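Predicted model, so just to flag it, every value in this text is computed and none were measured. Note on naming: letters A, B, ... go to the chains in the order of the sequence lines (proteins, then strands), and numbering restarts at 1 for each one.
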Amino acid sequence: MRIGYPCINRAVGCSSASTFRLRSYSARRLADSVASNLACLKRVIEWNRDRGIGFFRITSDLVPFASHPVCTYPWQRRFRADFERLGRLVRRCRMRISMHPDQFVLINALDPRVTRRSVRELAYHARVLDLMKLPLAAKLQIHVGGLYGDKPAGIARFAKNFRLLPAPVRRRLVIENDDRSYTVSDCLEVHRLTGVPVLFDSFHHALNSSGQSLREALWLCIRTWRRRDGPPMVDYSSQQPGARRGAHAEHVDIRDFRRLLAAAPSSNIDIMLEVKDKEQSAIAALVSCRP
DNA sequence: AGGTGTCAAGCGTCC
DNA sequence: GGACGCTTGACACCT
């Protein structure tokens, strides 16, 4: 089992997500940002490796505006060697990598222009993982998408558009149950139609349940992962006491976290802690698992 | 140097 | 119809 955290490391003292405003776009600005982001990403991966953290989500801001028409800079060619070096580092320490394109990415949008932009954005994410030469176990996780007042139609549209995705995207894509629209059962239906693995989010399941117990939902999702997809990924977070329902906790609640571990059928899963203090909670969770 | 309004993209919810 | 939240953090302009 590997434990990880998303995107930002507050301890290492640099950011791999530095960006700028669209108005300030220039080839120079982009190249400088990417160079600085990649240098920081290397430091973060080494930081994780040295502390036994084997799972990490790379920020979508690694290459700012990568899928925007304004970005004509050949960043893939310019930074090819840097991506390859990073990929070698990741593979050497057997680290698991994921990415999570943000809420604007909708495979099942009603507006075909939105879907088109989403595919471009997904292609950028897949390109990053491909440039690093990471195995297919390095995944892109998204939600099923918009509801538009008709869930069965939303699921059908996802399944239809999934088949049209470029292969580099399709083979890395996984879907995650979300906190208000598509439940674990809905995601399992999408899996039945498309074969796409389901990433179980324990907090979202608690907020937007389809009736299964934690254990049952976890097992059902785990079964959707094939060997080539790598160990099933799971997102974990908990409610911040006193905050808005759905607000992520400041720090991991170790007792709650252990409930998730106890529900798992084996240790062959990778768990991402979506907690505000990021690497600190990952370390705390790791320590709690040690005998 | 420090304060703060605002930032590419879309949905659903609440007012 | 508009503000807000979503993995929010940090950019960029203001004083």
State which of [options] makes the closest approach to the side chain of [X].
{"X": "R180(A)", "options": "dT13(B), dA8(B), dT7(C)", "result": "dT13(B)"}
{"X": "Y148(A)", "options": "dT7(C), dC11(C), dG10(B)", "result": "dG10(B)"}
{"X": "L106(A)", "options": "dG10(B), dA8(B), dG12(B)", "result": "dG10(B)"}
{"X": "F20(A)", "options": "dA9(B), dA12(C), dT7(C)", "result": "dA12(C)"}
{"X": "S67(A)", "options": "dG5(C), dA9(B), dA10(C)", "result": "dA9(B)"}

From [atom1] of [X] over to [atom2] of [N], roughly how many Å is that when rounded to an integer?
{"X": "L62(A)", "N": "dG9(C)", "atom1": "CG", "atom2": "P", "answer": "19 Å"}
{"X": "H100(A)", "N": "dT8(C)", "atom1": "NE2", "atom2": "P", "answer": "11 Å"}
{"X": "L122(A)", "N": "dA9(B)", "atom1": "CG", "atom2": "P", "answer": "18 Å"}
{"X": "D178(A)", "N": "dG10(B)", "atom1": "CG", "atom2": "P", "answer": "18 Å"}

*asked:* For residues L220(A) and L261(A): do they belong to one hydrophobic cluster (side chain heavy atoms under 4.5 Å, members Ile, Leu, Val, Met, Phe, Trp, Tyr)?
replied: yes
Whole-angstrom distance between [N] and [M], as gauged at atom [atom1]:
{"N": "dG5(B)", "M": "dA3(C)", "atom1": "P", "value": "15 Å"}
{"N": "dC4(C)", "M": "dC7(B)", "atom1": "P", "value": "13 Å"}
{"N": "dG1(C)", "M": "dA8(B)", "atom1": "C1'", "value": "23 Å"}
{"N": "dT8(C)", "M": "dG3(B)", "atom1": "P", "value": "24 Å"}
{"N": "dG5(C)", "M": "dG9(C)", "atom1": "P", "value": "13 Å"}
{"N": "dC11(B)", "M": "dA10(C)", "atom1": "P", "value": "28 Å"}

_Checking the side chain of S118(A) only, and the main-chain atoms of L106(A) only, is there a donor and an acceptor separated by less than 3.5 Å?_
yes
*Do you see a donor-acceptor pair shorter than 3.5 Å between the side chains of D256(A) and Q239(A)?*
no
*Indicate, with yes or no, whether the SG-to-SG separation of C187(A) and C221(A) is under 2.5 Å.*
no
So, OP1 or OP2 of [N]: does either fall under 4.0 Å of a side-chain N or O from [X]?
{"X": "R10(A)", "N": "dG9(C)", "value": "yes"}
{"X": "R23(A)", "N": "dC13(C)", "value": "yes"}
{"X": "R29(A)", "N": "dA12(C)", "value": "yes"}
{"X": "S24(A)", "N": "dA12(C)", "value": "yes"}

*Would you check, one step at a time, whether the test ring pair (Phe, Tyr, Trp, His ring centres under 6.0 Å) holds for Y182(A) with H143(A)?*
CA-CA 8 Å; Y182(A) 293 92; H143(A) 300 294; 9.4 Å; no
Students often get this wrong, so: under 4.0 angstrom with heavy atoms, is [X] touching a base, only sugar-phosphate, or nothing?
{"X": "T19(A)", "value": "sugar-phosphate"}
{"X": "D102(A)", "value": "base"}
{"X": "R21(A)", "value": "base"}
{"X": "F65(A)", "value": "base"}
{"X": "Q103(A)", "value": "base"}

*Do D270(A) and P232(A) have side-chain heavy atoms sitting under 4.5 Å apart?*
no
*asked:* Determine whether the aromatic ring of F104(A) stacks with the base of dG10(B), defined as ring centroids separated by less than 5.5 Å and ring planes inclined by less than 30°.
replied: no
